[in-house]
Amino acid sequence: MLAKRIIPCLDVKDGRVVKGIQFQNLRDAGDPVELARYYVEERADELVFLDITASKEKRPIVYDVVERIAQEVFIPFTIGGGLTSLDEIRQILSRGADKISINSAAVENPDLISRAADSFGSQCVVVAIDVKKVSRDRWQVFTHGGSRQTDLDGLEWAERVSLLGAGEILLTSMDSDGRTNGFDLEITQQIASSVSIPVIASGGGGEPAHFEDVFKKAKADAALAASIFHFKKYRVKEIKEFLLNRNINVRI
Amino acid sequence: MISIVNYGVGNLKSLQNAIQFLGFESELISSPTGVLRAEKLILPGVGAFSFAMENIHKLNLKDALLEKVGSGVPILGICLGMQLFFSRSVERGEHKGFDLIPGQVLKINGELKVPHMGWNEITFNRTSILNKNLPPSHYGYFVHSFYCQPEDSNTVIATTEYGGTFACAVESENIFGVQFHPEKSQELGLQILKNFSEI
């Protein structure tokens with residue numbers, strides 16, 4: 001049976017992991033490769049690196065990071081953050097990343113999704129969708145790190161990106177993100193049950209039970225989280241053992 | 001030296017990295033002479049079956065590969081590479097493969113999400129060179145929409161469940177195939193690559 005995936009997310013700026021990560025055993029807690037190695041040993045199923053470097057001129061730093069990660073990490077990993085062109089996507093995949101994730105650029109230029117899928121295969125195209133609840137049954141899509149509201153409805157946009165050739169959807173609930181009160185089960189469930197591609201739920205995972213809910217109730221295929229792991233509140237292994245005890249299939 | 005056949009389908013960086021990490025040497029080859037020189041071959045691949053076979057024909061690799069495999073050189077097909085060993089596939093119309101392993105490549109059916117993407121359990125049903133030093137079952141990383149159905153069940157060394165049970169690893173003399181990606185399946189995947197590299 002296919003396992004539900006647990007995916008730690010790391011923010012990388014100028015080639016360094018940011019957001020106060022506290023690990024005693026690491027020589028250099030800012031080194032993406034060292035942290036990646038740690039999470040691989042913890043049995044993370046995949047890794048997502050979000051490049052939050054502001055300037056495009058510094059893009060080559062990320063290419064170098066991708067190359068170094070690919071030399072030592074033998075689980076799938078995704079690179080996202082500010083990617084706008086097919087050439088940038090090619091640069092990242094050719095250095096050994098398995099997937100790329102696009103967000104704002106996909107909204108501005110939906111054609112990029114199909115072009116990337118045609119060129120490199122749907123399996124490496126993750127479309128990240130940030131949504132915020134605006135009324136009882138409507139979630140609006142936001143771009144540019146949540147700073148810009150679009151006219152798009154979350155569910156409609158998810159269905160559209162799936163038809164355009166996205167291989168996976170990384171769905172972040174802006175209402176839940178950073179709060180550790182649990183994933184947004186409602187919109188996750190709606191999207192996961194209406195698209196034929198896997199949905200990675202993100203935002204709000206703070207307790208093992210939140211992961212159980214997002215898999216059992218919302219039918220997510222994977223769950224992504226950052227602070228719960230970085231601040232060592234729970235280890236990936238602990239969450240997985242909890243899930244296994246509740247009959248959720250995970251890779252231990 | 002492990003010769004990885006580069007016929008324009010998919011990214012080979014991870015595979016090269018994994019082989020290097022294990023302490024073996026690899027090279028990318030894309031010509032018949034490259035194939036004929038090889039001591040050990042890996043046929044990787046992602047994408048559509050017909051497109052892959054077309055590229056192999058364009059590069060004149062088919063006869064060289066058949067000759068080399070016929071002479072007993074070990075070959076490992078990964079993902080689409082394994083599927084190409086079979087007689088035919090129904091992906092986007094019916095297409096002929098290498099016919100090294102009698103059988104067909106069929107669409108995953110059922111109500112499950114396709115592609116079958118993620119970690120799934122691999123259960124070995126017999127010992128093989130490939131599963132040396134491995135537990136009887138472990139997880140491997142899969143990304144595929146079609147699966148192999150060999151005519152001779154003796155060629156199957158491992159199976160996986162997804163909308164039914166299918167062969168995820170095969171062995172027929174010097175021909176080996178895995179549907180999952182050993183280069184992305186952490187230490188157990190690397191062990192499979194190591195086992196093949198040490199033949």
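Here is how names work: the chains are called A, B, and so on, in the same order as the sequence lines, proteins then strands, and each is numbered from 1. Predicted, not measured: the structure shown is a model, and the values here were computed from it.
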Proximal component of E183(B), with respect to chain A [non-hydrogen, under 4.5 Å]: backbone

Show the numbers, then the answer: is there a side-chain contact (heavy atoms from CB on, under 4.5 Å) between Q186(B) and R251(A)? CA-CA 11 Å; Q186(B) 212 172 332; R251(A) 180 182 72 111; 2.8 Å; yes

Between Q20(B) and chain A, with a heavy-atom cut-off of 4.5 Å, which part of the residue counts as in contact: side chain, backbone, both or neither? neither

d(N17(B) CG, R68(A) CZ) to nearest 0.5 Å is 13.0 Å

Begin with the C-alpha distance, continue with both residues' side-chain angles, and end with the deciding distance and a verdict on side chain to side chain donor-acceptor pair (under 3.5 Å) for D98(A) and Y141(B). CA-CA 12 Å; D98(A) 300 280; Y141(B) 190 79; over 6 Å; no

Enclosure of F24(B) CZ (heavy-atom neighbours >12, cutoff 6.0 Å): yes

Please report the interatomic distance CD(E168(A)) to CE(M117(B)), rounded to the nearest 0.5 Å. 3.5 Å

For residues K184(B) and I75(A), report the shortest heavy-atom separation together with the two atoms involved. NZ-O, 3.2 Å

Interchain contact, S185(B) with chain A, by part (heavy-atom threshold 4.5 Å): backbone

Please check: side-chain N/O of W119(B) versus main-chain N/O of L2(A), any donor-acceptor pairing under 3.5 Å? no

Quick check: does any side chain N or O of K113(B) sit under 3.5 Å from a backbone N or O of I197(A), one acting as donor and the other as acceptor? yes

Least distance between heavy atoms, S14(B) atom then G96(A) atom: OG-O, 3.6 Å

Contacting moiety of A222(A), where chain B heavy atoms sit under 4.5 Å: neither

Tested for side-chain contact (heavy atoms from CB on, under 4.5 Å) against Y139(B), the lone hit among I252(A), D45(A), N249(A) is N249(A)

Does atom CZ of R126(B) have more than 12 heavy-atom neighbours from other groups under 6.0 Å away? yes

Donor-acceptor contact below 3.5 Å, side chain K13(B) vs main chain S94(A): no

If I measure from the heavy atoms of chain B, does R5(A) come under 4.5 Å with its side chain, its backbone, both, or neither? side chain

Just wondering, more than 12 heavy atoms not from E25(B) lying within 6.0 Å of its CD? no

How long is the gap from CD on E111(B) to OG on S196(A), to the nearest 0.5 Å? 13.5 Å

Looking at CZ of F21(B) and CD of E72(A), how far apart are the two atoms once the value is rounded to the nearest 0.5 Å? 6.5 Å

When rounded to the nearest 0.5 Å, the distance separating CG of L193(B) from CZ of F74(A) is 9.0 Å

So, the part of H181(B) with a heavy atom under 4.5 Å from chain A: the answer is neither

